[in-house]
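Heads up: the structure comes next, in C-alpha cells.
All residue numbers refer to positions in the sequence shown, counting from 1. All of these numbers come straight from a predicted model, not from anything done at the bench.
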Amino acid sequence: MASIVAKGAAQVGRHTKKQLPRILGAVYISKRNSSNDLPAMKRGRGGRSSFSGIVATVFGASGFVGRYVCNRLGKIGSQIIVPYRCDPYEVERLRLVGDLGQVLFFPFFLNDEESVRKVMKYSNVVINLIGREWETRNYDFEDVHIEGARRIARLARESGVEKLIHFSSLNASQKPQPIYTKLGSKFLRTKWEGELAVRQEFPEAIIFRPADIYGSEDRFLRYYARRRAHGTVPLWKKGEATIKQPVFVSDVAQGVLEAIKDPDAAGKTFELVGPERYYLADLVDYFYRVMRYRHVKRSYLTPLFRMKAYAMSLAPAEPLYSLHKLEKEFVTDVLTGHPTLEDLGITLTRFENQVPWELKPFRQGAYYEEYLGEFSDPPPPPTVSSYAFP
C-alpha cells in the first residue's frame, strides 16, 4: 500500500494544483480497492458505465435470445461472462454490449466440469440458454437438454450462485401432443426432463418456458419467410389445427432482468407468451400479405415432403426443416397456470406492431421505391379466444 501512496505522490508532484483533487481521489480509490474488503457493490448512476452488482455467466450467449439478454444486462452496468465453444469471432460482437472490460470471454466444453465451474466461479447469476432444435453426432437432445442442464445447475449450486435462470420451452411435457409419432416431440420431452433435472440439483432455480420467439435474426418469422416453394407452404392440416402465441424477444430479455431483481421469483416457473393467440394458418397468411406474395398458398404435408425433411435431418449443418422441427412446429401452445411475463411487470409488445418491420427485408420488390400510400397495410390476423383449442 505504501508503494501505491508513493506512486500517487510522485504523480501529484508532476501535475498542477487544479488537477490535485482528481489525482488524490484516484489514489484513495486505489488504496481502498487494494485492501481485502468485500467485492465492489453497486456503484454509479445506472447505465453501461456503472456497476449494477450483477456478475452474470450467460451460457448460450451467442444464440438468438442470448444476444438480447447480454445487451439488457450490459445496459444496466452488469459484468458478463460469456462461455463459448464456437469460433471467437462469432461472439466478438458481444464485446460492445458492456463498458470496457465488463464483458469477458472464455472457451468451454459442456462435458468438461472444470471449464464449466471456472466460468461461474465469481458469478452471482447464471443464465442457461443452451438448447438444440436438431441433433448432431456430437450432441443429441439428451446431452444438451438433460445432462448439460443438470451439470450447469449442480455446479452453480456448488459454486454458491445466488440465482439460476434456466430456459426450457412452452409445451414441455412428459407426453407432448403427438403429430406424426406416438411419443410426440422428442425436443419437448427432453426439455421437460431437463426441467426435472434442474429442479433436482438447484430447487430455487427460475425456469422460463418461452413460446415461439420472434425478432431480428429469429427462427420463427424467417423460418416461414423461407418456406415458400413453388408457391406453396406445406403445413400439418394446413395450419388450421394449431394455435400459437408468439412472444417478442425484447420482452423475453427484459423478463430475465426483472426475474433477477425480483426476490419472490426464486423457485418459480414462468410461461413466456405474447398478448394474443392465433391460428397458425392465419399467421402464415398474414406473413405473406406483409411480404406482398399474393399467390403463395398453404397446402397439406405430403409423404414426399416428409421424406425431404428426413433427408435434411441428416445434414451436418442446421437444416431448414427436419422431422423434429415438424413434430414440434404444430403443437398447440397451452398455458398451465404458471405466472407469465405480465406478472413480472412487462408490457407485452403487440404482434402486428412489430412483424411488418421484421419482415420488411423479405418483401417482394423490396428495393422498389413505392409511392406514399401505394400499398395499404395488411390487416392483422384474427385472434383466438384463450380457451379455444382445436
Side-chain angles (χ1 to χ4, degrees), residues 58-61 63-66 68-69 110 127-136 139-150 152-153 164-181 183-200 202 205-215 218-224 236 242-249 251-253 255-256 259 268-274 277-278 280 283 318-319 321-341 344:
V58 185
F59 291 94
F64 164 52
V65 179
Y68 287 82
V69 170
L110 187 59
I127 303 169
N128 182 16
L129 285 156
I130 296 177
R132 273 277 192 203
E133 288 192 348
W134 73 98
E135 295 182 302
T136 66
Y139 289 98
D140 57 20
F141 288 145
E142 286 83 358
D143 293 334
V144 179
H145 299 159
I146 304 175
E147 298 307 322
R150 182 192 300 277
I152 289 174
L164 168 66
I165 298 180
H166 172 76
F167 270 72
S168 180
S169 175
L170 193 68
N171 305 318
S173 170
Q174 185 178 11
K175 296 180 179 179
Q177 176 189 351
I179 302 297
Y180 300 114
T181 62
L183 296 178
S185 170
K186 186 180 179 182
F187 173 92
L188 296 176
R189 196 167 61 254
T190 53
K191 278 291 189 180
W192 178 80
E193 293 177 18
E195 288 185 19
L196 298 182
V198 169
R199 282 275 184 246
Q200 228 174 12
F202 200 122
I206 303 169
I207 293 179
F208 275 8
R209 290 179 174 176
D212 293 287
I213 305 176
Y214 66 92
D218 68 356
R219 289 177 181 165
F220 181 65
L221 300 178
R222 282 150 185 79
Y223 170 70
Y224 289 105
W236 179 66
T242 303
I243 297 176
K244 292 292 183 183
Q245 197 166 351
V247 61
F248 186 43
V249 64
D251 296 342
V252 173
V256 172
K268 291 183 179 179
T269 297
F270 292 88
E271 295 177 318
L272 314 186
V273 294
R277 296 168 63 83
Y278 308 92
L280 182 60
L283 285 179
E318 177 185 358
Y321 39 78
S322 63
L323 290 180
H324 290 301
K325 176 73 173 177
L326 295 179
E327 187 73 33
K328 171 183 175 291
E329 176 185 359
F330 303 112
V331 175
T332 289
D333 290 344
V334 178
L335 300 181
T336 56
H338 291 288
T340 64
L341 285 172
L344 288 171

Original post:
Taking the inter-plane angle between the rings of F141 and H145 on a 0 to 90° scale, is it parallel (under 30°), tilted (30 to 60°) or perpendicular (over 60°)?
Top reply: parallel

Subject >> Heavy-atom check, side chain of V198 versus side chain of N128, under 4.5 Å >> reply: no

Original post:
Of the options K191, K186, K325, which is the one that meets E133 in a salt bridge (Lys or Arg N to Asp or Glu O under 4.0 Å)?
Top reply: K325

Original post:
How far apart are the closest heavy atoms of L110 and D143, and which atoms are they?
Top reply: CD2-O, 4.2 Å

Original post:
Who are the side chain to side chain donor-acceptor pair (under 3.5 Å) partners of E147, not counting sequence neighbours?
Top reply: none

**OP:** Any chance you could measure T332, atom OG1, to Q245, atom CD, to the nearest 0.5 Å?
**Re:** 11.5 Å

**OP:** Using atom types as modelled and distance alone, determine if a side-chain donor or acceptor of R150 lies under 3.5 Å from a backbone N or O of Q200.
**Re:** no

Subject >> Which atom of G255 lies closest to which atom of L344, heavy atoms considered >> reply: O-CD1, 3.7 Å

Subject >> Distance (rounded to the nearest 0.5 Å) between F59 CZ and I152 CD1 >> reply: 4.5 Å

Original post:
Under the side chain to side chain contact (heavy atoms under 4.5 Å, CB included) criterion, do D218 and I213 qualify, and how do the steps go?
Top reply: CA-CA 7 Å; D218 68 356; I213 305 176; over 6 Å; no

**OP:** Would you mind reporting whether L188 and S169 have side-chain heavy atoms less than 4.5 Å apart?
**Re:** yes

Original post:
What heavy-atom pair brings G131 and V144 nearest, and what distance separates the two atoms?
Top reply: CA-CG1, 4.0 Å

Original post:
Of all heavy-atom pairs between K244 and V331, which one has the smallest distance, and what is that distance?
Top reply: NZ-O, 3.1 Å

Original post:
So how far is it from E193 CD to S168 OG, rounded to the nearest 0.5 Å?
Top reply: 11.0 Å

Subject >> Close side-chain approach of L283 and F220, heavy atoms under 4.5 Å >> reply: yes

**OP:** Please list, chain by chain and in numerical order, all residues satisfying side chain to side chain donor-acceptor pair (under 3.5 Å) with T269, sequence neighbours excluded.
**Re:** R199

Subject >> Min side-chain heavy-atom separation I179-W236 under 4.5 Å >> reply: yes

Subject >> CD-NE2 distance between E329 and H324, expressed to the nearest 0.5 angstrom >> reply: 14.5 Å

Original post:
Would you say N171 and D333 make side-chain contact, with heavy atoms under 4.5 Å?
Top reply: yes

**OP:** Please list, chain by chain and in numerical order, all residues satisfying side chain to side chain donor-acceptor pair (under 3.5 Å) with T181, sequence neighbours excluded.
**Re:** none

Original post:
If only atom types and distance count, is the side chain of R132 paired as donor or acceptor with the main-chain N or O of F187 below 3.5 Å?
Top reply: no

**OP:** Please step through side chain to side chain contact (heavy atoms under 4.5 Å, CB included) for the pair Y68 and V252, ending with a clear verdict.
**Re:** CA-CA 9 Å; Y68 287 82; V252 173; over 6 Å; no

Subject >> ring pair (Phe, Tyr, Trp, His ring centres under 6.0 Å) partners for Y139, two or more places apart >> reply: none

**OP:** Taking all heavy atoms of P246 and all of Y278, pick out the closest pair and write down the distance.
**Re:** CD-CD1, 4.2 Å

Original post:
Just how far is it from atom CZ of F202 to atom CD1 of I165, taken to the nearest 0.5 Å?
Top reply: 10.5 Å

Original post:
In Å and rounded to the nearest 0.5 Å, what is the NE2 to CG distance from H166 to L129?
Top reply: 10.0 Å

Original post:
Sequence neighbours excluded, which residues qualify as ring pair (Phe, Tyr, Trp, His ring centres under 6.0 Å) partners of F167?
Top reply: F208

Subject >> Y214: ring pair (Phe, Tyr, Trp, His ring centres under 6.0 Å) partners, not counting sequence neighbours >> reply: F248, F351

Original post:
Should L272 and L170 count as side-chain neighbours, where that means a heavy-atom distance under 4.5 Å?
Top reply: no

Subject >> Heavy-atom pair with the smallest gap, counting every atom of E271 and V334 >> reply: OE2-O, 4.3 Å

